Amino acid sequence: MGRRIEAAVLRAVDAPYAIEPLDLADPGPGELIVRIAGAGMCHTDLLGRAPGDLVAKPVVLGHEGSGVVEAVGPGVALAPGTPVVLSFDSCGDCANCRASRPGNCASMAALNMFSAPPDGLPRATDATGTAINNRWFGQSSFATHALTTIRNTVPVPADVPLELLGPLGCGMQTGAGSVLVSLGVGAGDSIAVFGTGAVGLAAVMAARIAGATTIIGVDTNQARLDLARELGATHVLHGGEEDVPGRIRAITGPEGVQYALDTTAVPEVVTAAVASLRTTGVCGLVGIGTAELRLDPTLLLMGRTLRGIIEGDVVPHLFIPRMVDLWRQDRFPFDRLIETYPLAAIDQAEADTRSGKVVKPVLLPPAP
């Protein structure tokens, strides 16, 4: 039977978004329809504008949704009315999924980055009957409704500001999970976070939760460095100045930091992050970039490690409720990073994301 929804459709790399009516299919086995309360805009969503049409058009983007379950397909135990946060999709069957590493799912790209239904069957169509790709990260939440799977739909308590929780499904869990789960930062440790956008600031807050005693934020945006100070950074450095690794060693002593986290994917910044490590240190990479990274192999001698991290290496069904609990304890105030926009103002939200005017835009669809 399906239902009529509204969605922000991107039809070309250089086109504005268009708010359009779409017909959305009913949920199939293992699927749900979620009425969206809010959807964060992440830098990954900007890949829709990448040259070369990396993301197939026309498409509905958005992968930090939150809302209420409205309908379920066969085999789904969640009841309609359940508040949920939407995260990335995974198959649940590959070796990495079975090892509680869904971010390293063998089908990660196919289920998340291609935006088209894995079986090739259209699940959303416009007024002319043209298929619209609506499985971006298993949700496509820049809309009034999203078609999701049980694998990427996480129940949350009913007494929290649901419209603000969407960023917990990607950006916040990537930053916090990288620190608390992937790197395993602990009490008394030192960490430098390169890039203090939403992911980096979530990492700073998580490092404070972990008990790190030296937390260094590095960025070229002074307002974000000031915010990093407020959220737990013990030191901040302007990345446009010379010899960032040397200035980090001036803070930590000659050894450098035990951990570094790069959120920028800028090769020169990654090099500086690795050079800031002590000889047994670990640098995590979470940024998505296209520039080639060339690293002096001598930087990895004596035990330094460079590792890629996807979605903080977390299990969303476990980690998202943990972040909610930390927010309730006023230890993870991610809501301080959020500015809300109506869904119809999505082009302005995108512009403000690119300019750095806002840290984390959240789009609010029209009320039912």
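On a predicted model such as this, the values are computed, not experimentally measured, just so you know.
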Run the numbers on Arg4 and Leu22 for side-chain contact (heavy atoms from CB on, under 4.5 Å), then give the verdict. CA-CA 6 Å; Arg4 180 64 58 90; Leu22 301 180; 5.9 Å; no
Go through it in stages, so that I can follow the logic: the residues are Phe194 and Ser276, the test is side-chain contact (heavy atoms from CB on, under 4.5 Å), and I'd like the CA-CA distance, side-chain angles, deciding distance and then a yes or no. CA-CA 11 Å; Phe194 288 77; Ser276 301; 3.7 Å; yes
Walk me through it: do His238 and Asp219 pass the test side-chain hydrogen bond (donor to acceptor under 3.5 Å, both in side chains)? CA-CA 5 Å; His238 194 283; Asp219 206 309; over 6 Å; no
Run the numbers on Asp189 and Leu183 for side-chain contact (heavy atoms from CB on, under 4.5 Å), then give the verdict. CA-CA 11 Å; Asp189 284 336; Leu183 297 178; over 6 Å; no
Test side-chain contact (heavy atoms from CB on, under 4.5 Å) on Val362 and Tyr341; report intermediate values, then the result. CA-CA 6 Å; Val362 168; Tyr341 297 73; over 6 Å; no
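Inter-residue side-chain proximity for Leu168 and Trp327 is flagged as unmet; no heavy-atom pair is nearer than 4.5 Å. Pro316 is listed as a side-chain neighbour of Pro102, based on a closest heavy-atom distance under 4.5 Å.
A donor-acceptor pair shorter than 3.5 Å can be found between the side chains of Asp313 and Ser182. A donor and an acceptor atom, one from each side chain of Asn152 and Thr149, are located under 3.5 Å apart. The closest side-chain donor-acceptor pair between Asp325 and Gln329, if any, does not fall under 3.5 angstrom. At a cut-off of 3.5 Å, with distance as the only test, a side-chain donor of Thr153 or Thr148 sits close to an acceptor on the other residue. Side-chain contact annotation: His145 with Glu70, donor-acceptor N/O pair under 3.5 Å present.
One hydrophobic cluster, built from ILVMFWY side chains closer than 4.5 Å, cannot hold both Val154 and Phe88; they sit in different ones. The hydrophobic cluster containing Val282 also contains Ile309, counting ILVMFWY residues as joined when their side-chain heavy atoms lie under 4.5 angstrom apart, directly or transitively. In this structure, Leu201 is not a member of the same hydrophobic cluster as Ile216, with clusters built from ILVMFWY side-chain heavy atoms closer than 4.5 Å. No path of Ile, Leu, Val, Met, Phe, Trp and Tyr side chains, each step under 4.5 Å between heavy atoms, connects Leu261 with Ile248, placing them in separate hydrophobic clusters. With hydrophobic clusters built from ILVMFWY side chains whose heavy atoms lie under 4.5 angstrom apart, Leu343 does not share a cluster with Val34.
Within a 6.0 Å sphere centred on CG of Asp296, other residues, nucleotides and ligands contribute more than 12 heavy atoms.
One distance of note links CG of Leu46 with CD of Glu350; it measures 5.5 Å at 0.5 Å rounding. How far CD1 of Ile33 is from CD1 of Ile5: 8.0 Å, rounded to the nearest 0.5 Å. The CE atom of Met113 sits 4.0 Å away from atom CH2 of Trp136, with the distance rounded to the nearest 0.5 Å. Distance OG1/Thr252 to CZ/Arg278: 7.5 Å, rounded to 0.5 Å. Atom CD of Glu311 sits about 10.5 Å away from atom OG of Ser90, to the nearest 0.5 Å. A distance of 8.5 Å separates CG of Leu32 from CG of Leu147, quoted to the nearest 0.5 Å.
In this structure, Arg304 contributes its side chain and Leu299 its backbone to a donor-acceptor pair below 3.5 Å. A distance-only check finds no donor-acceptor pair linking the side chain of Lys360 to the backbone of Val358 [under 3.5 Å]. Ser87 places a side-chain N or O within 3.5 Å of a backbone atom of Gly169 that can act as its donor or acceptor partner. Judged purely by atom type and a 3.5 angstrom limit, Thr196 has no side-chain atom pairing as donor or acceptor with the backbone of Ala228. No donor-acceptor pair closer than 3.5 Å links the side chain of Arg208 to the backbone N or O of Ala233. Side chain of Arg247 to backbone of Glu242: a donor-acceptor contact under 3.5 angstrom is found. Listed for the Asn112 side chain is a donor-acceptor partner under 3.5 Å among the backbone atoms of Asp89. No donor-acceptor pair closer than 3.5 Å links the side chain of Thr263 to the backbone N or O of Gly287. Under the 3.5 Å distance criterion, the side-chain polar atoms of Ser178 are matched with a main-chain donor or acceptor of Thr174. The main-chain N or O of Gly138 is never found under 3.5 Å from a side-chain atom of Arg151 such that the two would form a donor-acceptor pair.
Nearest heavy-atom pair, Arg322 versus Val181, reported as atom, atom and distance to 0.1 Å: NH1-CG2, 4.4 Å. Between Val72 and Leu78 the shortest heavy-atom distance is CG1-O, 3.2 Å. Nearest approach of Met41 to Thr353, heavy atoms of both residues: SD-OG1, 3.7 Å.
Of the charged side-chain nitrogens involved, none lies within less than 4.0 Å of a carboxylate oxygen, so that Arg123 and Asp26 do not count as a salt-bridged pair. No salt bridge links Asp23 with Arg3; every basic N to acidic carboxylate O contact stays at or beyond 4.0 Å. For the pair Glu268 and Arg294, the salt-bridge criterion is not met [side-chain N within less than 4.0 Å of a carboxylate O]. A salt bridge does not link Glu255 to Arg249: none of the charged nitrogens lies less than 4.0 Å from a carboxylate oxygen. In summary, Lys357 and Glu339 do not engage in a salt bridge, as defined by a charged side-chain N under 4.0 Å from a carboxylate O. Ion pair Arg328/Asp159 flagged as a salt bridge, since at least one NZ, NE, NH1 or NH2 atom sits closer than 4.0 Å to an Asp/Glu carboxylate oxygen.
Within the hydrophobic cluster formed by Ile, Leu, Val, Met, Phe, Trp and Tyr side chains joined at under 4.5 Å, directly or through other members, Leu111 stands alone, with no partner residue.
A side chain to side chain contact (heavy atoms under 4.5 Å, CB included) with Met205 holds for exactly one of Ile215, Val179, Leu337; it is Leu337. Checking Leu86, Leu364, Thr144 one by one against Ile36, the side chain to side chain contact (heavy atoms under 4.5 Å, CB included) holds for a single residue, Leu86.
Between Tyr17 and Phe142, the angle of the ring planes goes over 60°, which puts this pair in the perpendicular group of the 30/60° scheme.
Under the side-chain hydrogen bond (donor to acceptor under 3.5 Å, both in side chains) criterion, Asp126 pairs with Arg11, Thr128, sequence neighbours left out.
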